[in-house]
Amino acid sequence: MRRLTTTAALLLALGLAGSVIAPAVAAPTDPAPGPAAAAAGDLDGAALRRALDAVIAQGVPGAVAEVRQDGRVWRGASGVADLSGRPARADDRFRAGSVTKTFVATVVLQLVAEGRIRLDDPIGRHLPGLIPAGADGAQVTVRQLLGHTSGIPNYTDVLRRQPDPIRALQHSAYTPHELVAMALREPWAFDPGAPGHWQYSNTNYVVLGLLIERAGGHPLGREIERRIVRPLRLTDTLVPSGPDLPGRHLNGYEWLDGPGAAPTDLTGFSAGAFWGPGNMISTTADLNRFQQALSAGRLLPPRLLGEMRDVRDTDRAGRSYGLGLEANTTVCGTAQGPVRGHSGSVPGYNTFSFASADGRRRITLAVNVDLTKTRGADEAIGRVLSTALCRPAPPAQPAAQTGSSLAARTVSACDRRFTGTASAGACGSRTRVAAGGR
């Protein structure tokens, strides 16, 4: 029987929790041979292959990954792209979820570099009347929106209270202003910039999308395209204007209706539901190329890249957050330093795009189920991430040492620090911080 994990916590909060049956999927498939496999060099392709296949063995329909190390590339796919049996391929497109936030943050910081806005500007200077002051009179700033220290409520917390919320959201037609207004009717988490406070809110990045359009002069998708997608030749990356997922892609699924029920196909999804915080479509290769270019200083001047990487503690031990960028020490342990990047979660898709602390190793991994994955699937995903990102322990050291224990690095169901859930007690009572992506 399929067991809900903390990635299913949104469903628990939505009143959709229940036992769900693991899907029947095809056996793991090998990616087509090509130059990437031949160039893998000292990448442990066999270990990566085993780890990726283990995700499928835990009931995930399909998984795709690209790993880069010192200029070498390994690409792999396992399972199926859709439940008709079409094999997954490493170049399949998928919905990237909150990896979108790093793109949005990069464009905002480019506008800062151009002098069009400043990090500590009150948002009302550019979008007058949109966001009120906090109870103490403090104004929300651009920096606070980027780093989730604004205190603005999360609009997805409102959406989850709807009847049958996932399917309702799939066919919704919200505008960005409607999402912001929905959030602002809720109590604020804290006053803007209150010391010691942090709370993930997708509303922050809806507001930042509107800021980009005002300061940049073009729609959000066009600004991302002309500033990032086109210069980096990210040929499979786009900000969709409609519900379709074009090109060859992974279909996204959730098992929403309980034991024995058919899965819900969530491949087509409202373009407005996660506008700003989590609506981009991409591939493993394109996301790795973007993250690598960002880290190399090709998109931002050093001062602003430093601002993006200047992290603060969050609601989870070992996880910190900068300006649209995560850092986490629970994957490889504190001795190896934090991995950096972003994870993404939208109904039907779960994405991870991270690099090791030394920048030598990088992975983007995507699977085509999220909210109803099992505990075992989460743990298997953690093994893929640690296999790709962590240096092996020296043979003479005991296997249980800090940082080398697999259990300490995996994305476990009841301690999902890496992907940004918030505990409210036992595993079954947890609620997701970021329904639109982490």
Side-chain angles (χ1 to χ4, degrees), residues 2 4-18 20-25 55-56 59-64 79-86 88 92-100 155-156 159-160 162-174 179 202 238-258 261-275 277-283 343-352 365-374 377-378 381 419 432 434-438:
R2 199 174 180 87
L4 293 176
T5 70
T6 54
T7 56
L10 179 58
L11 295 182
L12 290 165
L14 298 172
L16 295 177
V20 250
I21 300 299
V25 297
V55 175
I56 305 309
V60 171
V64 295
V80 295
D82 64 54
L83 295 183
S84 70
R86 175 169 57 89
D92 282 342
R93 291 177 175 180
F94 48 84
R95 297 192 185 275
S98 275
V99 179
T100 303
Y155 76 88
T156 52
L159 292 174
R160 71 185 189 184
Q162 299 181 84
D164 197 9
I166 301 302
R167 279 178 281 241
L169 192 58
Q170 181 180 17
H171 302 292
S172 64
Y174 293 110
L179 296 177
N202 287 301
L238 64 148
V239 178
S241 57
D244 294 340
L245 204 171
R248 184 183 170 99
H249 59 266
L250 297 176
N251 280 26
Y253 299 98
E254 300 293 350
W255 276 257
L256 300 178
D257 292 323
T264 301
D265 189 326
L266 297 164
T267 309
F269 212 92
S270 165
F274 302 116
W275 185 92
N279 62 330
M280 290 185 70
I281 292 166
S282 194
T283 61
S343 49
S345 167
V346 289
Y349 299 92
N350 200 186
T351 304
F352 306 84
L365 166 70
V367 298
N368 57 351
V369 62
D370 177 41
L371 305 174
T372 52
K373 289 198 314 299
T374 65
D378 276 341
I381 287 171
T419 52
R432 177 185 302 283
R438 292 179 292 269

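Worth saying up front: this structure is predicted, and the values here are computed from it rather than measured.
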Please name the pair of heavy atoms, one in [X] and one in [Y], separated by the smallest distance, quoted to 0.1 Å.
X: Pro246; Y: Ile281; answer: CD-CD1, 4.1 Å
X: Ala88; Y: Ala63; answer: CB-O, 4.5 Å
X: Pro163; Y: Ala168; answer: O-CB, 4.1 Å
X: Tyr349; Y: Leu266; answer: CE1-O, 4.4 Å
X: Val60; Y: Ala377; answer: CG2-CB, 3.7 Å
X: Pro61; Y: Leu83; answer: CB-CD2, 4.0 Å

Notebook entry, point to check: Between the main-chain N or O of Pro165 and the side-chain N or O of Gln170, is there a donor-acceptor pair closer than 3.5 Å?
Noted result: no

Checklist line | Donor-acceptor contact present, side-chain Glu254 to main-chain Pro347, <3.5 Å | finding: no

Considering only heavy atoms from C-beta outward, does the side chain of [X] approach that of [Y] to under 4.5 Å?
X: Pro243; Y: Phe269; result: no
X: Ser98; Y: Val346; result: no
X: Tyr253; Y: Thr264; result: no
X: Lys373; Y: Asp378; result: yes

Next item on the list: For side-chain contact (heavy atoms from CB on, under 4.5 Å), just list the numbers for Val64 and Leu365, CA-CA rounded to whole Å, side-chain angles, deciding distance to a tenth of an Å, and then say yes or no.
Entry: CA-CA 6 Å; Val64 295; Leu365 166 70; over 6 Å; no

Notebook entry, point to check: Any luck finding a side-chain donor-acceptor pair between Ser345 and Asn350 under 3.5 Å?
Noted result: no

Check: Judged by modelled atom types alone, do Ser282 and Arg93 share a side-chain donor-acceptor pair under 3.5 Å?
Finding: no

With rounding to the nearest 0.5 angstrom, report the [atom1] to [atom2] distance, [X] to [Y].
X: Phe274; Y: Leu169; atom1: CZ; atom2: CG; value: 4.5 Å
X: Leu371; Y: Ile166; atom1: CG; atom2: CD1; value: 5.0 Å
X: Leu256; Y: Asp164; atom1: CG; atom2: CG; value: 7.5 Å
X: Trp255; Y: Thr374; atom1: CH2; atom2: OG1; value: 11.0 Å
X: Thr351; Y: Phe94; atom1: OG1; atom2: CZ; value: 5.0 Å

Next item on the list: Kindly state each residue pair satisfying side chain to side chain donor-acceptor pair (under 3.5 Å) with at least one member in residues 241-250, sequence neighbours excluded.
Entry: Asp92-Arg248, His249-Asn251

Item checked: Arg95/Asp370 ion pair, N-O < 4.0 Å -> no

